[in-house]
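It should be emphasised that the depicted structure is a prediction, and the values quoted were computed from it without experimental measurement. The basis for the numbers below is simple: all heavy atoms, side chains too, and nothing from hydrogens, waters or symmetry mates. Order of the sequence lines sets the chain letters (A, B, ...), proteins ahead of strands, with each chain counted from 1.
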2 protein chains.
Amino acid sequence: MSKDAISIGLSVAIVSVEGEKPSVLVIARLGEADALPFGPFDPAHHRTLESGLREWVGQQTHFELGYTEQLYTFGDRGRHLPAPGLRSDRAARVVSVGYLALTRQSAADVPQSEWRGWYQYFPWEDWRGGKPAMIDSVILPALKKFTKGAEGAQSEARRARVRLCFGDGLPWDEEKVLERYELLYEAGLVEEYFRDSGAAGQAPALGTAMLYDHRRILATAIARLRGKLKYRPVVFELMAPVFTLLELQRTVEALAGLKLHKQNFRRLVAEQGLVEGTGKFSTPARGRPAELFRFRREVLRERPAPGLRLGTRR
Amino acid sequence: MSKDAISIGLSVAIVSVEGEKPSVLVIARLGEADALPFGPFDPAHHRTLESGLREWVGQQTHFELGYTEQLYTFGDRGRHLPAPGLRSDRAARVVSVGYLALTRQSAADVPQSEWRGWYQYFPWEDWRGGKPAMIDSVILPALKKFTKGAEGAQSEARRARVRLCFGDGLPWDEEKVLERYELLYEAGLVEEYFRDSGAAGQAPALGTAMLYDHRRILATAIARLRGKLKYRPVVFELMAPVFTLLELQRTVEALAGLKLHKQNFRRLVAEQGLVEGTGKFSTPARGRPAELFRFRREVLRERPAPGLRLGTRR
DNA sequence: AGACTTTATACTCATTTCGAGTATAAATGT
DNA sequence: ACATTTATACTCGAAATGAGTATAAAGTCT
């Protein structure tokens with residue numbers, strides 16, 4: 001009579017940038033795979049999904065969430081294990097709601113958790129030093145095999161997907177993080193922790209694994225953030241109160257995984273009125289000191305959709 | 001020992017455009033408020049959230065979902081009633097996952113459901129005939145009251161929100177559908193069906209009410225669709241196999257709630273290679289016949305992010 | 001001190017895109 | 001014939017974009 005229970009898992013990719021390294025907060029339990037801060041939604045105590053999330057994160061990492069945004073709700077059977085602690089006859093199906101949170105890097109105490117560079121999980125996503133060699137040497141050959149592993153129309157569909165995600169003719173679209181991850185997942189090229197690695201060894205396992213669907217959530221987070229950069233001033237959530245324009249540029253580049261044209265970046269930021277000079281200057285080890293700027297919070301009230309169009313790669 | 005149960009509600013805004021009227025499929029039970037097709041996710045029988053949704057929609061409307069996209073997951077207490085049929089001591093908390101689906105208008109049999117023009121629920125969102133008079137005559141005065149109903153900083157924050165949503169200095173942003181709805185909701189200017197209408201009569205109730213949070217989901221759907229138009233060729237999901245450029249333009253205008261510049265729209269569509277001529281022509285009642293075009297599905301394989309930038313209003 | 005390195009910042013320039021028109025063509029109805 | 005309606009081609013200036021060059025301000029090296 002009683003239906004199978006449902007449990008709602010709340011997971012969050014908490015992102016910050018240290019120097020030029022975009023990072024995500026992971027819970028590192030020894031011997032286990034990296035996991036995002038995670039906990040079940042408890043309708044008796046949580047007024048909203050987001051407040052439930054805040055509570056879990058607070059408990060697990062002693063961390064106060066600032067800017068937070070819901071990403072997606074995943075409900076696929078087979079990409080999650082039942083939550084522990086339930087009697088097996090009533091094993092709950094887990095539906096997973098993913099979030100993105102942004103924060104300034106605080107070296108503060110975050111017990112049992114660590115900042116990890118996100119490109120460790122997605123090494124093919126960092127194009128700041130040019131196209132990652134692994135795409136041509138590992139990914140494309142393996143995907144070619146995957147394409148050939150299907151018949152007729154399905155093979156054609158796979159070929160088209162490969163081309164859109166990694167293709168040579170097309171320009172790199174830094175926002176297609178999730179599409180690329182899903183393609184690699186279906187091709188068996190990324191392994192996650194819950195999966196029976198029966199086929200392991202046959203194909204290269206790309207990037208570091210995570211627990212359950214956490215890497216999928218992280219991919220969604222990166223994609224969303226890369227998109228949002230361009231039409232909302234979200235970068236400033238990641239910056240110190242004052243910063244040089246180059247620091248701002250490096251942060252954007254770190255997130256987008258691209259190099260940008262310096263002079264044009266500066267022009268863009270200035271024209272948009274996103275930023276105002278403080279009259280103070282940095283004291284660099286080498287080179288001319290740069291003026292320190294601060295974010296003009298007022299733009300949020302003035303302009304409807306301010307952001308940093310990235311322009312093309314340099 | 002047993003926690004409060006959670007139930008996951010799946011709701012979908014199925015959108016089509018008939019002529020120049022963007023419409024949504026609603027279940028009209030007599031005496032009750034309009035509702036979107038809706039049903040609980042059943043983990044025992046549904047492999048994914050989306051397949052569960054498809055099943056419910058099939059049952060309720062005999063309708064096959066085509067293009068479908070997840071919108072958002074709402075979990076707020078107080079914007080939903082417990083699902084019926086559960087004993088009250090275990091009343092389930094409902095978490096609501098909203099979807100958007102697009103379809104060509106089929107006058108086919110959709111029992112117990114009807115197509116409704118979506119501007120009936122959001123009359124302030126249709127600017128094709130210029131700024132709706134109700135904004136200045138009803139909405140802004142009521143929001144002014146709402147602003148004054150708060151103290152100091154909160155009042156200031158409300159004023160800023162009003163300005164961003166409906167403000168005079170700023171250009172109309174057709175994508176802020178959800179922000180505007182939420183503002184009106186908080187100001188008590190829209191009533192929904194489950195709410196105790198204690199304060200009714202004090203303030204104007206704008207637009208037609210819907211069940212629970214269904215109007216919120218519809219607002220999210222409209223906002224998402226208006227945004228997506230610009231960078232993905234989703235309009236074509238709503239068009240007949242062949243169409244004139246003016247029909248295409250009228251459809252886009254209906255969705256965006258804006259008038260567009262005809263010559264520039266045509267230039268855009270042509271340059272983007274989204275469309276190809278069939279060599280055949282329409283036979284209009286009046287005026288010169290227009291060439292019939294079809295969507296070039298290939299662009300999905302060629303170009304990474306095709307869409308119809310709208311430009312500004314005419 | 002003067003040359004050289006490093007980073008910051010100002011300014012230029014050609015190309016493309018965008019918004020808003022004008023001009024002309026092809027149908028119908030009176 | 002001519003007014004009306006809709007389609008489609010073409011123009012033109014303003015703004016945005018991509019890719020520079022030029023110059024300034026610091027420190028280091030000899």
Side-chain angles (χ1 to χ4, degrees), chain A residues 19-20 127 171-172 174 229-231 242-253 256 258-294 303 305-314, chain B residues 19-20 127 171-172 174 229-231 242-253 256 258-294 303 305-314:
Chain A
E20 308 193 356
W127 284 55
W172 178 253
E174 77 280 357
L229 278 180
K230 293 164 191 159
Y231 60 95
V242 299
F243 46 83
T244 69
L245 293 183
L246 188 58
E247 284 164 358
L248 182 64
Q249 183 181 343
R250 293 287 178 244
T251 303
V252 171
E253 288 175 340
L258 296 173
K259 284 272 190 209
L260 302 176
H261 186 284
K262 192 169 169 179
Q263 295 93 322
N264 290 349
F265 180 83
R266 143 184 305 271
R267 173 174 68 187
L268 206 71
V269 173
E271 274 173 1
Q272 298 249 101
L274 288 171
V275 118
E276 67 189 352
T278 62
K280 296 181 181 174
F281 288 81
S282 69
T283 53
R286 297 174 313 197
R288 174 174 164 179
E291 185 166 7
L292 294 168
F293 289 81
R294 76 164 61 87
R303 312 202 333 100
L308 294 169
R309 285 161 269 136
L310 303 191
T312 53
R313 181 169 342 116
R314 263 250 48 185
Chain B
E20 309 195 353
W127 284 55
W172 177 254
E174 77 281 356
L229 277 180
K230 292 165 193 158
Y231 60 95
V242 300
F243 46 83
T244 69
L245 293 183
L246 187 58
E247 284 165 358
L248 182 65
Q249 182 180 343
R250 293 288 178 243
T251 303
V252 172
E253 289 175 340
L258 295 173
K259 283 274 190 209
L260 302 176
H261 185 284
K262 191 170 171 180
Q263 296 91 323
N264 290 349
F265 180 83
R266 143 184 304 271
R267 173 174 69 188
L268 206 71
V269 172
E271 275 174 1
Q272 298 250 101
L274 288 171
V275 119
E276 67 189 354
T278 62
K280 298 183 181 171
F281 288 82
S282 68
T283 52
R286 297 173 312 198
R288 173 175 165 179
E291 187 167 7
L292 293 170
F293 289 81
R294 76 165 60 86
R303 313 201 334 98
L308 296 168
R309 286 161 266 136
L310 303 191
T312 52
R313 180 169 343 116
R314 261 249 52 187

Starting at the 5' end of DNA chain C, which residue's closest nucleotide do you reach first, A/Pro284 or A/Asn264? A/Pro284

Round to a whole Å and report the spacing from NZ of B/Lys230 to P of C/dC18. 13 Å

Expressed in angstrom and rounded to an integer, what is the separation of B/Glu271 atom CD from D/dA9 atom P? 12 Å

To the nearest angstrom, how far is B/His261 atom NE2 from C/dC18 atom C1'? 10 Å

Below 4.0 angstrom, which residues in residues 244-251 of chain B have at least one non-hydrogen atom near DNA chain D? B/Leu246

Computed from five pairs at either end and rounded to 10 degrees, the angle between the axes of the helix from C/dA1-D/dT30 to C/dT30-D/dA1 is 20°

Enumerate the protein-to-nucleotides 22-26 of chain D contacts in which both atoms are nitrogen or oxygen and the separation is below 3.5 Å.
{"from": "D/dA24", "atom 1": "N3", "to": "A/Arg288", "atom 2": "NH1", "distance (Å)": "3.0"}
{"from": "D/dA25", "atom 1": "O4'", "to": "A/Arg288", "atom 2": "NE", "distance (Å)": "3.4"}

Using whole Å, what does the distance between atom P of nucleotide D/dT6 and atom CZ of B/Arg266 come to? 14 Å

Who pairs with B/Arg294 by side-chain contact (heavy atoms from CB on, under 4.5 Å), at least two apart in sequence or on another chain? B/Val242, B/Glu276, B/Thr278

Supply the atom-to-atom distance B/Leu268 CG to B/His261 NE2, rounded to the nearest 0.5 angstrom. 12.5 Å

Would you please name every residue forming a side-chain contact (heavy atoms from CB on, under 4.5 Å) with B/Arg250, sequence neighbours left out? B/Glu20, B/Leu246, B/Glu253, B/Lys259

Of the listed D/dT17, C/dA20, D/dT8, the closest approach to the B/Ala290 side chain comes from D/dT8

Main-chain N/O of A/Lys280 paired to A/Glu291 side chain as donor or acceptor, under 3.5 Å: no

Starting at atom CD of B/Glu291, determine the distance to atom P of C/dA26, rounded to an integer number of angstrom. 13 Å

If you measure from CG on B/Leu248 to CZ on B/Arg266, what distance do you get to the nearest 0.5 Å? 10.5 Å

Partners of B/Glu247 by side-chain hydrogen bond (donor to acceptor under 3.5 Å, both in side chains), sequence neighbours excluded? none

Nearest heavy-atom pair of A/Val275 and A/Phe293: which atoms, and what distance? CG1-CD2, 3.2 Å

In Å and rounded to the nearest 0.5 Å, what is the NZ to CD distance from A/Lys230 to A/Glu174? 3.5 Å

What is the minimum heavy-atom distance between B/Pro289 and B/Ser282, and which atoms define it? CB-O, 3.0 Å

Nearest 0.5 angstrom please: B/Phe265 CZ to B/Leu245 CG, how far? 7.0 Å

At less than 4.0 Å, is any side-chain N or O atom of A/Lys262 found next to OP1 or OP2 of C/dT9? Yes or no. no

Let me know the distance between CG of B/Leu292 and P of D/dA7, rounded to the nearest Å. 11 Å

Kindly indicate whether the side chain of A/Phe243, heavy atoms from C-beta on, has any atom under 4.5 Å from the side chain of A/Thr251. no

What is the distance, to the nearest angstrom, from the CZ atom on A/Arg267 to the C1' atom on D/dA15? 11 Å

